[in-house]
Protein chains: 2
Amino acid sequence: MAARAGVSRATVSRVVNGEAGVREVLAVKVRRAVKELGYVPNRAARSLVTRRHDAVAVVIAEPETRVFADPFFALQLRGISKELTARDVQLLLLLTEGRDDHERVGRYLAGGHVDGALVFSLHLDDPLPGIIHGAGVPTVFGGRPGWAGSARYVDCDNRGGARQAVRHLVGLGRTRVAHITGPLDQTSAVDRLDGYRDVLPAADPDLVVEGDFTPAGGERAMRLLLDRRPDVDAVFAANDLTASGALRVLRESGRRVPRDVAVVGFDDMLPVAEQADPPLTTVRQDIEGMGRLMAAMLLRGDVHEEGADGADADAEGGACVVLPTELVRRESA
Amino acid sequence: MAARAGVSRATVSRVVNGEAGVREVLAVKVRRAVKELGYVPNRAARSLVTRRHDAVAVVIAEPETRVFADPFFALQLRGISKELTARDVQLLLLLTEGRDDHERVGRYLAGGHVDGALVFSLHLDDPLPGIIHGAGVPTVFGGRPGWAGSARYVDCDNRGGARQAVRHLVGLGRTRVAHITGPLDQTSAVDRLDGYRDVLPAADPDLVVEGDFTPAGGERAMRLLLDRRPDVDAVFAANDLTASGALRVLRESGRRVPRDVAVVGFDDMLPVAEQADPPLTTVRQDIEGMGRLMAAMLLRGDVHEEGADGADADAEGGACVVLPTELVRRESA
DNA sequence: TTGAAAGCGCTAACAG
DNA sequence: CTGTTAGCGCTTTCAA
């Protein structure tokens, strides 16, 4: 390689890594040789000396299958992938299920094989985040972690979004606004419930039923709700999947949406929200953007943009970023 | 490390890598030192000399968002992850969208940074598989690739499964059995259609409508079907998502399932099939098992089992494995 | 059975 | 600005 270009290995290295201070003549020669030889630097050798890896781990802690039914992670992953690709950083996927895996992941991360970790852990009592935190690897969490500490994370404004949803319902003149929550061992669900309470602090406790972010959970909750408060005239569902289940039950019960009962979801998961019957009014969050932001934050730099990305420019080392939400009006409310 | 155990680095290496021919006394010392120091071998240094990486790339070529609405990949990924974890092999995720990405991925794989690739590419005209094939990396495809060549792949018996479904419908006494296909630029969709035709070679062409594996596509197709053949008394939908869309339209049209129209799906995607109204009779395939098998096949070894895995033991270098399917009866047919 | 020594392919000081 | 030199941490001959 160096021979082919007629320069020293050091010079090749400088050109390949885009360092300044190489005469253009030589740089050209090197680049030509690179092309001709199809030269690709050996990452192992490089990271052996630089002590960087240009790789980050994405840890998804999910004992349940449920997650996979939800396009949520997939979208976030895609955002992460885009950002990492733009920076030529590799994405290592670590899927866990169960205790043993936690240790394994902890060991792996502590082993220093990656430059950082992006972790998703839904449940408040999950020990994994703690383990990872202890591993001493730079980490950014997806969604606000459950503890009080000072972890860096990216989340959407769950509470604010919930307020938007409920205010919209109230603005429609609805007076018996129910809320089907998510699983309350996840901060996103808790925050959305808090948002509901912000607007309706005096709501009848019977109007709040716990769901689990699935359509089946939404159905169950909606039945219970109808049972306890047949006069309910609006429902804020903790996510679109839940809303779709609720819609089904409302239809079965002979109620018209939005005339009899107005429904608002959360997420704006397109295939769900748009296909719902009627199409769902919901709170949009930029899931893919959150993914990009997580990666950018971990790697300390701005998001590599691809057009005007409204999201949020300032990813610089901030402790946490909370992305705004937006109410999307369709027909259900 | 070597010092701590009072032996040479060479000996440490031998113990760590489980090579035979080290006196047990020394081995014990080394293991103790490893534990005490929390020593983790440096993968970069190792792969620099061994020229292996203990890492495989999972390439998911998907220009569309659609994939992510389908838990299919997620499940397969999980299977892959399990198998790789059992072998202490890292999973690198490569998501692509668009031409540029294809080249990038090709270059990456050709660069020899991984020991192999597991690739998912849905569309027959996708250039990516060819590029990867040309990169000279050991590769196993998820699903039968569209070309005639000799690629290694793991798939389920789409055609046989379709036959099971259609025979079941025929066995129920249905005489006007329709088929809503998947997108016909994917082999799985084509194979399922072929299976339908195997059983019903003389079926009215009007009974076959193209869908796209989504609920929305299923709705559209079902409407068309009802329009063209209002007397249809059974539908074999190319997957569960499609079936769920069809069910909705059937309900709207006032038809009873299965009394008026029997419906069978494909995949046995639990959250979809079980939640459907009525619960879906469908063709089950072991998606997670396919993932495990892909990994096992790539790495040339049997599946690391975790209990009695009925799937298929013989992953040894075989050119391709086609997993059996099973009809699961619920209420829709 | 064990240790000494060489070197994987690269980058980072340091001279020149 | 460029080349020379010295390792990064590991495995692998080769001797002992």
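Sequence lines set the chain letters: A, B, ... in the order given, protein chains first and strands last, and positions in each chain run from 1.
For the pair A:His53 (side chain) and A:Gly112 (backbone), a donor-acceptor distance under 3.5 Å is present. Looking at B:Asp155, its side chain never comes within 3.5 Å of a backbone N or O of B:Val322 through a donor-acceptor pair.
Just one residue in the list A:Arg292, A:Met294, A:Glu288 forms a side chain to side chain contact (heavy atoms under 4.5 Å, CB included) with A:Gln76, and that residue is A:Met294.
Among the nucleotides C:dT2, D:dC8, C:dA12, the one closest to any side-chain atom of A:Ala10 is C:dA12. Listed nucleotides C:dT2, D:dT2, C:dC8 differ in distance to A:Leu26; the shortest reach to its side chain belongs to D:dT2. Comparing atom distances between the A:Thr11 side chain and each of C:dG3, D:dG3, D:dT11 picks out D:dG3 as nearest. Distance from the side chain of A:Asn42 is smallest to C:dG9 among C:dG9, D:dC8, C:dA12.
Atom pair B:Arg52:CZ and D:dT11:C1' shows a separation of 11 Å (rounding to whole Å applied). Residue B:Lys29 contributes atom NZ, which lies 17 Å from atom P of C:dT1 at whole-angstrom precision. The CD atom of B:Glu24 sits 12 Å away from the P atom of C:dT1 (whole-angstrom rounding). What separates CZ of B:Arg51 from P of C:dG7 is a distance of 14 Å, to the nearest Å.
Taking CG of B:Asp126 as the reference point, atom CZ of B:Phe120 lies at 13.5 Å (rounded to 0.5 Å).
For D:dT11, the OP1/OP2 oxygens have a side-chain nitrogen or oxygen of B:Asn17 closer than 4.0 Å. Contact annotation: B:Arg46 reaches the phosphate of D:dT11 (side-chain N/O to OP1 or OP2, under 4.0 Å).
Counting any heavy atom pair closer than 4.0 Å across all strands shown, B:Val7 reaches sugar-phosphate atoms only and no base atom. Nucleic acid contact class of A:Arg14 (heavy atoms, under 4.0 Å, all strands): base.
Between B:Ser8 and B:Leu48, the residue anchored nearer the 5' end of DNA chain C, judged by the nucleotide with its closest heavy atom, is B:Ser8.
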